[in-house]
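Please read all numbers here as calculations on a predicted model, not as lab measurements. Worth knowing before you read on, the calculation uses all heavy atoms, side chains too, and leaves out hydrogens, waters and symmetry mates.
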Amino acid sequence: MSINCAAVDRLIDSMSFTQKVGQLNQRLLGWKSVERNAAGRLVASDELKQEIDRWGGLGTLYGLLRADPWSGQHWGNGIRPEERTEAIAVVQQTVLERGAYGIGVLLSEEAPHGHQALGGTVLPTNLGLGATFDPQGVQEAEAAVAAELAASGIHIALVSGLDIARDPRWGRCEECFGEDPLMAARMCEAIVTGMQGEHRSKVGHGGVAVVLKHLAAQGEAVGGRNGQSAVLGPHDLHEIHLPPVAAGVRAGALGFMAAYNDIDSVPCCANPWLLKDYLRDQLGFDGIVMADGLAVDRLEDMAGSIPAAGRAALLAGVDVSLWDEGFTRLEEYADDEQVVAAVDTALRRVLELKAMFGLLPEDGADTAAIAMPSADAIAQATADGREQAKRMAREAITLINDGQSAATLDDIRSVIADAQAGPVIVAGPFADDFGCFLGDYTAPLPADEQSSVYRQLVARLGEDRVLLAAKPSDAPADQWARASTVVFVCGSTSERSYDSEFDDNGAAKAVTEYGATCGEGVDLSDIRLPWRQDDMLGEVAALTTAPIVSVAVCGRAHVLTDVLERSAVTIWAGYAGQYGPQAVADVLVDGADMSGRLPVTLPAYPAAIPVRYNDRQSAAHVYKDAAEPILRGFGYGAGSLAAVTFSEMHADTQSHPGEVLMQVTAHADDHGAAGAVNLFAHVSGGRRIPRLAMLVDSVYMDLNAGERRDIAFHVPCDRLRDVGDGQVQVTCTLDGDSTHTVTATLPGEY
């Protein structure tokens, strides 16, 4: 819908200062805005009515459909899929009836990896999506999620994507696409294009506005401590953490969320350089900036008071609050010319966004004519989202170890397929667990949609063939001796229980002994597998001579050294989403290919961290007690394109000004293959200590059996050196394979 700027101007001129401030607030928790009457119907709560009356309207409402342990909403009391239309209608009608200008409310929902609502699609977490190295696939999956949100009457999707996983101690690594800025940038572009459409074409027309989070450098926090200081210089800030931001702006993102952390002592929510000079002036961003939950109030120590915190955030460039009190106290600055001007600027952005969704009254109308959700559209979009979740789960599965012992994956598949062979024992703490695959920010799924690796194998091989042994003692010694294969499901979990304790922003506060070991609020000082799983695997290995397949379900770069040593085959599954168990069974029973690649570097030792593939100095042979600190490098995937050979790699520095064109020929064997081909570069001759490697391009391809294809990598010169005189030598390597390396010299000027 086009924006009537004159109508927006008239609204701004006619509103009181209190009404203007109300449009910038997102204080109310959405699930508290409706309640059930005696007949079980949804009605507006007194809390919603009071909030509307306080401000003469309502700007943005957060999490109306959210369900999870923090909100306390579940299948027994939350808004079910078939009730979404009723809930949206109740809220919008109440806002229109009680508000002063007939303006509807923007509805925002969490969608870090699918819609966090009852019945919502659950994609793999970003770390799992990052393992696909498939931006086009992510774009299609996010488009399906956006269709579900839009069909449900939602306008804004809060989506993780900007964070870079730089330290595995940080509990929110699962929300990152990995440790590489180029891949994160491409994934952010995919999110925005998928959810908003090209050039925002779907906004208000089957798509939603994206608020990308978190801006910026949250993954660089000291010691992996959530929300703490990021200590880094401007060059690394721009090279590592800001490329996804720039990509989001280029794709047309309508929102960014300012992060909790500070950068060199300046909080992101009060950083005018970040939110104005860089984001708006340099990149040309024209949407809204939203604060993270209660982040404005966290400025109190800096600003001196809660009202001053609200003022500092507003003047720095925050347009919309989230749950805080600081923005509600902006009324105290009605005589402050700076605040008055900044409120009008922020209000214009909010009203223009509302206009895109038809939330402003048309000329001559008293109230906005708001389209209500369609049950059929919700059902169709949800079904499409499920198919996308299945596909992305399969793409995320990554083979990181094969044939460690005499048995290879093909050998094990043959044994599993032999009905006369001994039992298949599914062991480990997550053998019959579903929640471990889902990640944080996930609504509960109905029981009939839940599964596990154990249950999937039973469904395919039969109860008589598959045994469950969450602990080694759960199976008798004779069964361990007869076992043909052991599938050991290990890793971590972000699943919260409904009796968990939470901080006021929803982060985990207290974690029970066998509770969440990842996710927001679960930063760890020890990244070995929790609950002594390495010891458990050792006990299993001592009980059987059968080959062990370990399935690592991980939301961070856990140390898997013992797992690789004791397992014939190791599969890394990230948090692969609601269809993760099926994807694992597809690999083991159906022989599905594994196109995934590690989106992070796996450390070999718990204290030899952080290690990243694009560090400037190698950690090898530095620690006298850990000479080789890297277990598996970024981009590793033993199953990725295993059926493909490469040849005829060469570089062209002349044909395309401003870029290096790298070309290579790929040839698939008689099985065909799909996956990403990654090009890494090492640069020398510049003005800085070069990074050990940089991912400079990645091409996802799907080759038919016997197909031969030329692949072109386009590498901008400005990614390879600083602007200036002098030759720069670039060594490009295909997926870390020294047999496919080309060295090129760039001219002195370009």
Side-chain angles (χ1 to χ4, degrees), residues 8-9 11-13 15-27 55 59-60 106 162 211-218 227 229-230 234 237 242 245 249 253-353:
V8 171
D9 289 340
L11 270 175
I12 294 174
D13 291 341
M15 296 172 79
S16 70
F17 189 71
T18 294
Q19 290 168 341
K20 293 176 179 180
V21 169
Q23 289 293 316
L24 309 185
N25 270 277
Q26 190 178 199
R27 194 184 69 84
W55 303 108
T60 307
L106 286 166
L162 302 180
V211 172
L212 287 173
K213 56 183 186 177
H214 307 86
L215 180 66
Q218 191 170 220
S229 299
L237 175 64
L242 295 183
V245 181
V249 174
L254 281 162
F256 285 89
M257 179 179 284
Y260 288 124
N261 61 285
D262 66 84
I263 302 173
D264 194 23
S265 80
V266 182
C268 292
C269 273
N271 190 330
W273 173 85
L274 180 66
L275 304 182
K276 289 184 173 181
D277 298 348
Y278 174 72
L279 187 61
R280 295 197 183 277
D281 296 343
Q282 185 174 333
L283 297 183
F285 174 64
D286 61 353
I288 62 167
V289 172
M290 184 184 295
D292 206 341
L294 296 172
V296 171
D297 290 355
R298 293 187 181 189
L299 302 176
E300 181 179 7
D301 285 346
M302 180 199 78
S305 68
I306 290 292
R311 181 181 187 275
L314 176 75
L315 296 184
V318 172
D319 301 307
V320 177
S321 68
L322 184 58
W323 316 329
D324 57 74
E325 291 297 322
F327 260 42
T328 70
R329 305 288 291 277
L330 291 174
E331 291 177 286
E332 299 179 24
Y333 296 97
D335 296 328
D336 186 320
E337 292 182 359
Q338 281 186 286
V339 170
V340 170
V343 164
D344 280 358
T345 298
L347 175 60
R348 182 179 303 280
R349 293 171 185 147
V350 170
L351 293 180
E352 287 177 350
L353 184 57

Do the side chain of [X] and the main chain of [Y] share a donor and acceptor less than 3.5 angstrom apart?
X	Y	value
Gln26	Ser321	yes
Arg298	Asn261	no
Lys276	Leu315	yes

Does some side-chain heavy atom of [Y] sit less than 4.5 Å from a side-chain heavy atom of [X]?
X	Y	answer
Leu254	Ile288	no
His214	Asp292	yes
Phe327	Val21	no
Met257	Leu215	no
Leu347	Met15	yes
Val211	Phe256	no
Tyr278	Leu237	no
Lys20	Trp55	no

Next on the checklist: Could you walk me through whether Met302 and Asp262 satisfy the side chain to side chain contact (heavy atoms under 4.5 Å, CB included) test, starting with their C-alpha distance in whole Å, then the side-chain angles of each, then the deciding distance to 0.1 Å, before giving a yes or no?
Outcome noted: CA-CA 11 Å; Met302 180 199 78; Asp262 66 84; over 6 Å; no
Compare every heavy atom of [Y] with every heavy atom of [X], then report the nearest pair and how far apart it is.
X	Y	value
Leu275	Ala316	CB-O, 3.4 Å
Leu212	Ala253	CD1-CB, 4.1 Å
Gly317	Val289	O-CB, 3.4 Å
Gly326	Asp297	N-OD1, 2.8 Å
Tyr260	Gly293	OH-O, 2.7 Å

Let me confirm one number: the [atom1]-[atom2] distance from [X] to [Y], rounded to the nearest 0.5 Å.
X	Y	atom1	atom2	answer
Leu294	Leu299	CG	CG	11.0 Å
Leu330	Glu325	CG	CD	11.5 Å
Asn25	Gln23	CG	CD	9.5 Å
Asp9	Leu11	CG	CG	9.5 Å
Leu353	Leu106	CG	CG	5.0 Å
Ile306	Glu332	CD1	CD	10.5 Å

Checklist entry - Arg27 and Asp324: salt bridge (charged side-chain N to carboxylate O under 4.0 Å, His left out), yes or no, with the steps? => result CA-CA 6 Å; Arg27 194 184 69 84; Asp324 57 74; over 6 Å; no
Item to check | Asp281 atom CG, neighbour heavy-atom count above 12 within 6.0 Å | outcome: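 More than 12 within 6.0 Å, yes.
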Could you pull out all donor-acceptor pairs under 3.5 Å where a side-chain atom in residues 263-273 meets a protein atom, sequence neighbours excluded?
| from | atom 1 | to | atom 2 | distance (Å) |
| --- | --- | --- | --- | --- |
| Asn271 | OD1 | Trp273 | N | 3.2 |
| Asn271 | OD1 | Leu274 | N | 3.0 |

Checklist entry - Between Gln338 and Arg311, does a side chain to side chain contact (heavy atoms under 4.5 Å, CB included) hold up when you go through it step by step? => result CA-CA 9 Å; Gln338 281 186 286; Arg311 181 181 187 275; 3.1 Å; yes
Next on the checklist: Checking side-chain contact (heavy atoms from CB on, under 4.5 Å) between Arg348 and each of Asp319, Val343, Ile12, which is the one that passes?
Outcome noted: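 With Arg348 as partner, Asp319, Val343, Ile12 yield a single side-chain contact (heavy atoms from CB on, under 4.5 Å), made by Ile12.
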Item to check | Ion pair check, Arg349 and Glu352, cut-off under 4.0 Å | outcome: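 No salt bridge links Arg349 with Glu352.
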